[in-house]
Student: 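There's a structure below that I have some questions on.
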There are 2 protein chains.
Amino acid sequence: MKILIVEDEQGLRENMLTYLSEDKNVCESCTNLADALSKLGLYNYDFVLLDIGLPDGEGFEVLRYLKDKMREEAVIIISARNSLDDRIKGLNIGADDYLTKPFHLSELKARIVAVFRRKSTNSSNKLVFNEIVINLMERTVTINETEIILTRKEFDMLLYFVANKGKVISKTALAEHLWGDEMDMHDNFDFIYSHIKNLRKKILDFTTNDYLKSIYGIGYKFTDK
Amino acid sequence: MKILIVEDEQGLRENMLTYLSEDKNVCESCTNLADALSKLGLYNYDFVLLDIGLPDGEGFEVLRYLKDKMREEAVIIISARNSLDDRIKGLNIGADDYLTKPFHLSELKARIVAVFRRKSTNSSNKLVFNEIVINLMERTVTINETEIILTRKEFDMLLYFVANKGKVISKTALAEHLWGDEMDMHDNFDFIYSHIKNLRKKILDFTTNDYLKSIYGIGYKFTDK
DNA sequence: AGTTAAATTCAGTTTTACTTCAGTTTTACC
DNA sequence: GGTAAAACTGAAGTAAAACTGAATTTAACT
């Protein structure tokens, strides 16, 4: 595989370089943001190992660049900080995994293999909204890495909401999406109230943000912010 | 949304009226060409659902009228004939969609939504007036990047004002747009005063410009400058 | 079949927006 | 400036909408 290593610490960079090269990988490295973006502009890689704290900016820029250009490179973030925010931010912008310094080179290799397998089986089809991660293939939802168990209706409901993130969804539109338009619910939204309530409860058990806002008289809105 | 239904078949007309009213639309209806033109002369609508075969003429006249006056109303033609000619003729004169009887009311609604989305996405979803940004899909209003929470009536009111930016809106026109013409408010504008007051207050909490000017004895005017 | 979970209904409660009202301020016109 | 109509204001009442917990019905899975 062709791997780009973006890391300013000389020792770590050279260790990764030699260690990964032993496994028949083609490795290149650079020490700052500008060089990384320039290299990515010239070549395609299979993997980018990305330090966040770089001398000329944050590694997130690379992620944004790749996401913006719809590039296929797998990215593993390598960061000194172990904050949840950075981890989630990285995964949000499209990173595939996250590694905190210090780490064993063997762990790095294991993660590369794992990410590669996940990407090639194409089951990494996930939607990320802050601490909420929705895996479409597995039909699972995790919040802060703990899975919440949703029923069919709850999951479909959540999907419809996130598919229309930010937009206001009327209760009738919701009903039509979930039950089809044959359903006549003359002014009876009890079951919607019920499902909304249950979905909200499950979400609020693991995060304090209210993602599902009510718009009085209009409907509901799923929001990121 | 404010919808005008032009349909001479009593059953169908009443069905559409009740069905669409359920979705918080303000609906009015008439049964012939003359009334339709008269109503369009008096009020603005968001949508016109237009039957072609009317007792006193062809619905195409309405389309010509709207086109001639450069009106913004979206038009969905409803016709018993399924001839390609009519369809083409209608779309040529400026109809946005075409529906052949008989049809399901759910299909009508789906088309209304689709036409509305097409119309609104074509003309950049967001309305911007200096520091005020109105997002129709999200049903949000931000002033200097902070969101202000508006109720239904406040939001609809604001929309009506900005749609008629610079023009003076009489209180009766405002009342008719927001409540439909069934509402009789014999010289009692208390609720308008109330809503205006609340809307103004919310706006003035975040900007010092008075966008909503009162024209004594006449009405109100939303202005940019 | 029987068991469990999910979907829906129900009745009672809380919340919210809309309207009304009474009192005050502003405006146009004499 | 005085006056009456028009416009505004804060607060209170009211009905609709939304929410809730639990009960019931329905569907799903051995």
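What you are looking at is a predicted structure, and each value in this text was computed from that prediction instead of being measured. Protein chains get the first letters and strands the later ones, always in sequence-line order, with residue 1 at the start of each. Reckoned from all heavy atoms, side chains included, excluding hydrogens, waters and symmetry mates.
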Student: Cationic tip of B:Lys2 within the cone over B:Tyr45's six-membered ring, i.e. under 6.0 Å and within 45° of the normal?
Tutor: yes
Student: Under 4.0 Å between a side-chain N/O of B:Arg152 and OP1 or OP2 of D:dA16, yes or no?
Tutor: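 So the side chain of B:Arg152 is outside the cut-off, no N or O lying under 4.0 Å from OP1 or OP2 of D:dA16.
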Student: Output the rounded distance in Å from NZ (A:Lys197) to C1' (C:dA6).
Tutor: 13 Å
Student: Taking CG from B:Leu204 and C1' from D:dC8, how many angstroms apart are they, rounded to a whole number?
Tutor: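 Whole-Å distance recorded here is 13 Å.
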Student: I want to check one thing: is the phosphate of D:dA7, taken as OP1 and OP2, less than 4.0 Å away from some side-chain N or O of B:Lys171?
Tutor: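 Yes.
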Student: Any protein N or O atoms within reach of nucleotides 27-30 of chain C? Criterion: under 3.5 Å, listing atom names and distances.
Tutor:
from: C:dT27; atom 1: O2; to: B:Tyr216; atom 2: OH; distance (Å): 3.2

Student: Are side-chain N/O atoms of B:Glu131 and B:Thr207 paired as donor and acceptor at under 3.5 Å?
Tutor: yes
Student: Let me know the distance between CD1 of A:Ile196 and P of C:dT15, rounded to the nearest Å.
Tutor: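 Rounded to the whole Å, the gap is 19 Å.
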Student: Distance check: side-chain N/O of A:Trp179 vs OP1/OP2 of C:dT8, anything under 4.0 Å?
Tutor: yes
Student: Taking side chain to side chain contact (heavy atoms under 4.5 Å, CB included) as the criterion, tell me which of B:Ile134, B:Val133, B:Leu158, B:Ile132 meets it with B:Leu127.
Tutor: B:Ile134
Student: Describe the nucleic acid contact of B:Tyr220 in one word from base, sugar-phosphate, nothing, applying a heavy-atom distance below 4.0 Å.
Tutor: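 Answer is sugar-phosphate: B:Tyr220 comes under 4.0 Å of backbone atoms only.
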Student: Please round to the nearest 0.5 Å and tell me the distance separating atom CZ of B:Phe47 and atom CD of B:Glu73.
Tutor: 10.5 Å
Student: Could a donor-acceptor pair under 3.5 angstrom be found where the side chain of B:Ser194 meets the base of C:dT20?
Tutor: yes
Student: What is the distance from CZ of A:Phe189 to C1' of D:dT20, rounded to the nearest Å?
Tutor: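 Going from A:Phe189 (CZ) to D:dT20 (C1'), I get 18 Å.
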Student: Within the pair B:Thr151 and C:dT16, is there a side-chain N or O less than 4.0 Å away from OP1 or OP2?
Tutor: no
Student: Return the orientation label for the A:Phe161 and A:Tyr220 ring planes: parallel under 30°, perpendicular over 60°, tilted otherwise.
Tutor: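 Perpendicular.
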Student: Just how far is it from atom NZ of A:Lys167 to atom CD of B:Glu138, taken to the nearest 0.5 Å?
Tutor: 9.0 Å
Student: Rounded to whole Å, please give me the gap between CD1 in B:Ile192 and P in C:dT20.
Tutor: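 In whole Å, C:dT20 P lies 12 Å from B:Ile192 CD1.
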Student: Which whole-number value in Å describes the distance from B:Leu199 CG to C:dC18 P?
Tutor: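 Answer to the nearest Å: 12 Å.
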Student: Would you kindly give the NE2-to-P distance between A:His195 and D:dG21, to the nearest whole Å?
Tutor: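 Taking atom P of D:dG21 as the reference, NE2 of A:His195 is at 16 Å.
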Student: Quick one: is the NZ or CZ of B:Lys171 closer than 6.0 Å to the six-membered ring centre of B:Phe189, and within 45° of its axis?
Tutor: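 So B:Lys171 does make the cation-pi contact.
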Student: Whole angstroms only, please: what is the CG-C1' distance between A:Asp190 and D:dA23?
Tutor: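 The distance from CG of A:Asp190 to C1' of D:dA23 comes to 13 Å, rounded to the nearest Å.
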Student: State whether B:Tyr193 places a side-chain N or O below 4.0 Å from either non-bridging phosphate oxygen (OP1 or OP2) of D:dC8.
Tutor: no
